[in-house]
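For reference, the structure discussed in these notes is given below.
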Amino acid sequence: MADKIQSIRGMNDILPADSPAWQFIEEKLRQLMQSYDYDEIRFPIVEKTALFKRSIGEVTDIVEKEMYTFDDRNGDSLTLRPEGTAACVRAGIQNGILVNQQQRLWYMGPMFRHERPQKGRYRQFHQMGVEVYGLDGPDIDAELICMTARLWKILGLLDSVKLQINSLGTPASREVYRSILSGYLQANKSLLDEDSLRRLQSNPLRILDSKNPAMQEMIEQAPRLMDHLDDESNVHFTRLCAYLDSVGITYEVNTRLVRGLDYYSKTVFEWVTDKLGAQGTVCAGGRYDGLVKQLGGRDTKAVGFALGLERLISLLQQDDLEKHYKHPHAVMLMMGERAQNAGFALTEELRNAVPDVRILSVCGGGSFKTQMKRADKSQAEIALILGDDELDNNTVTVKYLRAEQGDDKTQQEQLSQQQLIPLLTEKTQ
RNA sequence: GUGAGCGUAGCUCAGCUGGUAGAGCUCAGGAUUGUGACUCCUGCGGUCGAGGGUUCGAACCCCUUCGUUCACCCCA
C-alpha cells in the first residue's frame with residue numbers, strides 16, 4: 001500500500017457532521033455584529049514576517065517559536081498570520097480607513113501557530129476578532145465586553161465563563177511599574193524558576209502570570225500594577241467598571257492578568273472557563289492605543305478582542321450542536337428507468353418552484369427496498385415515490401416517514417405533481 | 001521544544017502467561033416481486049501504524065521511528 005498522505009499535524013478537517021455547528025456559530029456571530037452595527041473586514045492569511053515581529057513583540061513566544069515563516073520565491077520572508085490584530089491594523093493603515101475616523105470592524109478565519117497540539121489548541125485554529133479604531137473612552141471597551149457577554153447569553157454559556165479584567169496602564173506608567181517590579185524580583189531572585197529568570201530581562205510582567213506553585217507566595221507579595229496606575233488610566237478603569245456594573249455584568253479584577261502580546265495598554269480582559277482542560281481562555285482582548293502609530297499609521301486609539309471558535313464550539317453541549325443539523329424536507333425515490341428519467345427533471349422543477357426546499361435525490365437506483373432504506377436514513381420527513389404506476393396516472397406517491405399517531409397525515413397518498421408544490425412549500429415554513 | 005498514555009476492519013473497541021485475527025456499528029444481499037425504521041440470516045472488509053530484533057512461533061516481549069491524545073510551556 002502506498003504511503004497515505006496525511007494532513008499537517010494540528011490542522012484538522014471539519015467534517016460534515018461538524019460543519020452545521022460551525023455554520024450555526026458563524027451565523028450567530030454575524031447577527032451579533034449586525035446588532036452592534038460593526039462591519040466585516042477581510043485580509044490575507046499571509047503577511048510579511050516583519051509585520052508580526054513589530055506588532056506582537058520580538059521576545060514573545062508567538063514570534064520566537066510559533067510562527068509559520070517561510071521564504072517567498074522572490075526571497076521575501078512571509079508568515080501565516082498567528083493572530084488578526086496586526087494584519088487588521090496593517091490593512092486599515094494601508095487603505096486609509098483609520099485616519100480621522102472611527103471604525104468598528106470584525107473578521108473571522110483561520111490563524112496559524114506552530115505549537116504542540118492539545119485539547120483546545122491547534123496549529124490551524126479559527127478566531128473571530130473585533131477591532132475598534134478612533135475611540136479612546138472606556139465606553140467602547142465596555143461595549144466590546146457587553147457584546148461578548150451577549151454572545152454567552154445567546155449560546156446559553158453564561159454559567160460556563162467568567163470575566164476577568166485588569167488595567168495595564170499607559171506605557172509611561174507601565175515603565176515606572178516595570179522598574180519597581182524588577183527591583184522586587186531582583187531582590188527575590190533566589191525564588192525565581194528558570195523561565196522567570198529569563199523573563200526578568202525581557203518581560204518581567206509575565207512572571208506575575210506564572211502558575212509555578214513555588215512562586216505563588218512571592219508573586220502575591222509583589223507590588224501591584226493597579227497601585228501604580230497613572231490618573232488617566234485609573235479614571236479609565238473606574239469608569240469601565242461603572243459601565244459594567246450598570247448593565248449587571250459581573251467581573252473579577254485580576255491584577256495579575258497581563259496578556260501575552262506586547263501591544264496592550266490600559267484595559268485588558270479575558271473570559272475564562274474551567275471546562276476546557278488546560279485551555280482556560282475562550283475570549284480575550286484589550287486596548288492597544290500605541291500599535292497603529294507603531295506600525296506607521298497616524299496616532300489612533302484602538303481596542304479589540306479575539307474569540308477562539310474551536311474552544312467556543314467545544315463549550316457547547318454535543319446535543320445542542322447536533323440539533324442544528326438540517327435534514328432534507330423530502331427525499332425522491334425513482335423506480336425503474338422510465339421513472340429515473342422523468343423523476344430527474346421533476347426534482348429540478350420542484351427545486352425551481354420551491355427555492356427553499358431541501359430535496360435529496362436517491363441516486364444510484366437499486367431495489368425499492370434499498371431506496372427506502374436510503375430514504376429513511378436521510379432523516380427526511382417525506383418520501384416522494386415515482387414508479388411506473390405513478391407515471392401512468394401522472395401522480396407521485398407521498399409517504400410520511402416520520403409520522404406518529406395523531407399527526408394530520410399518517411397514511412401515504414397519491415398526489416398530482418402540481419399538488420407537491422404547496423406541500424413542499426408548507427414544509428419549508 | 002519537554003513528558004506521559006494510546007495506535008488491531010470505514011467507525012467504536014475486545015484479544016489472558018507469546019501458539020495461525022474477533023465483536024458491535026456501517027455497507028451490500030436475502031427472509032418480504034413496489035414500501036424504510038424493529039428482528040433474523042448471509043456476505044464484503046485486516047501486510048494488528050511502519051522498520052528492525054528476540055523466539056520453533058510475535059498483535060502481544062525489546063529497540064527505533066511515525067502518528068495521535070493529554071499535560072508542561074504558551075495562548076484564542
Side-chain angles (χ1 to χ4, degrees), chain A residues 1 3-10 12 15 17 56 59-67 81-85 108-130 148 161 193-196 198-199 203 206 209-212 258-261 269-273 276-286 304-315 331 333-336 339 362 364 366-380 382-391 397-404 411-412 414:
Chain A
M1 183 168 52
D3 284 346
K4 279 184 278 189
I5 296 178
Q6 292 192 289
S7 64
I8 312 296
R9 177 200 290 256
N12 300 319
L15 298 175
I56 296 168
V59 296
T60 56
D61 276 27
I62 291 179
V63 170
E64 278 182 341
K65 52 190 192 193
E66 294 174 2
M67 295 205 303
R81 62 186 189 192
E83 55 109 42
T85 301
M108 185 152 53
M111 307 290 165
F112 303 85
R113 290 184 201 171
H114 192 106
E115 303 179 87
R116 198 74 170 257
Q118 68 187 72
K119 189 181 179 70
R121 201 181 67 186
Y122 310 99
R123 290 186 173 181
Q124 173 173 330
F125 61 103
H126 297 78
Q127 285 187 341
M128 197 279 283
V130 176
T148 49
V161 291
D193 60 20
E194 196 182 328
D195 255 358
S196 301
R198 193 169 52 82
R199 291 204 187 106
N203 196 347
R206 297 244 42 158
D209 232 5
S210 170
K211 287 176 218 156
N212 186 342
V258 174
R259 311 285 312 120
L261 291 70
F269 68 93
E270 260 185 38
W271 288 94
V272 297
T273 179
L276 285 182
Q279 264 57 48
T281 306
V282 64
C283 171
F305 69 82
L307 187 68
L309 296 189
E310 280 84 357
R311 290 182 186 180
L312 181 54
I313 284 174
S314 59
L315 270 182
V331 54
L333 288 70
M334 293 163 253
M335 297 305 304
V362 174
S367 69
F368 198 97
K369 184 193 188 77
T370 300
Q371 294 204 34
M372 278 303 291
K373 278 188 173 179
R374 291 194 202 132
D376 181 55
K377 234 190 130 191
S378 77
Q379 299 280 308
I382 57 180
L384 306 176
I385 302 168
L386 194 65
D388 287 339
D389 296 350
E390 287 80 2
L391 282 177
T397 295
V398 177
K399 183 173 172 107
Y400 297 88
L401 296 172
R402 316 282 142 208
E404 293 173 16
Q411 297 298 309
Q412 74 180 37
Q414 294 216 333

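Lettering of chains follows the sequences in order, A, B, ..., and the numbering in each one begins at 1.
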Intra- and interstrand pairs of RNA chain B - dot-bracket, Watson-Crick/G-U under 3.5 Å, | marks other strand | (((((((..((((.....[..)))).(((((.......))))).....(((((..]....))))))))))))....

[atom1]-based separation of [M] from [N] [nearest Å]:
N     : M     : atom1 : result
B:C60 : B:G18 : C1'   : 6 Å
B:C44 : B:G49 : P     : 23 Å
B:C38 : B:U32 : C1'   : 15 Å
B:U26 : B:U20 : P     : 31 Å
B:A37 : B:C48 : C1'   : 36 Å
B:C61 : B:C16 : P     : 10 Å
B:A21 : B:G29 : P     : 30 Å

Send over the distance from [X] [atom1] to [N] [atom2], rounded to a whole Å.
X        : N     : atom1 : atom2 : result
A:Glu115 : B:C70 : CD    : P     : 14 Å
A:Gln6   : B:U68 : CD    : C1'   : 9 Å
A:Gln371 : B:G36 : CD    : C1'   : 12 Å
A:Gln127 : B:A76 : CD    : C1'   : 5 Å
A:Asn12  : B:G67 : CG    : C1'   : 13 Å
A:Met108 : B:A76 : CE    : C1'   : 14 Å
A:Glu390 : B:G34 : CD    : P     : 13 Å
A:Phe125 : B:C75 : CZ    : C1'   : 8 Å

Pull out every protein N or O sitting under 3.5 Å from an N or O of nucleotides 37-43 of chain B, one pair per line with the distance.
unit_1: B:A37; atom_1: O4'; unit_2: A:Asp376; atom_2: OD2; d: 3.2

With sugar-phosphate meaning primed atoms plus P, OP1 and OP2, does A:Thr370 contact a base, only sugar-phosphate, or nothing at under 4.0 Å between heavy atoms?
->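 It contacts sugar-phosphate atoms only.
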
Pair A:Asp61 + A:Arg113, salt bridge at N-O below 4.0 Å |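 Salt bridge absent between A:Asp61 and A:Arg113.
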
Nearest to the [X] side chain among [options], which nucleotide is it?
X        : options             : answer
A:Gln118 : B:A76, B:C73, B:U35 : B:C73
A:Thr281 : B:C75, B:G34, B:A76 : B:A76
A:Lys65  : B:C73, B:A76, B:G34 : B:C73
A:Gln279 : B:A71, B:A76, B:G34 : B:A71

Report yes if a side-chain nitrogen or oxygen of A:Arg374 is closer than 4.0 Å to either non-bridging phosphate oxygen (OP1 or OP2) of B:G36; otherwise report no.
->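 No, A:Arg374 has no side-chain N/O under 4.0 Å of OP1/OP2 on B:G36.
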
Every protein N/O lying under 3.5 Å from an N/O of nucleotides 2-12 of chain B:
unit_1: B:U2; atom_1: O4; unit_2: A:Arg116; atom_2: NH1; d: 2.7

Is there a donor N/O on one and an acceptor N/O on the other, under 3.5 Å, for the side chain of A:Arg9 and the base of B:C66?
->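 Side chain to base: no pair below 3.5 Å.
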
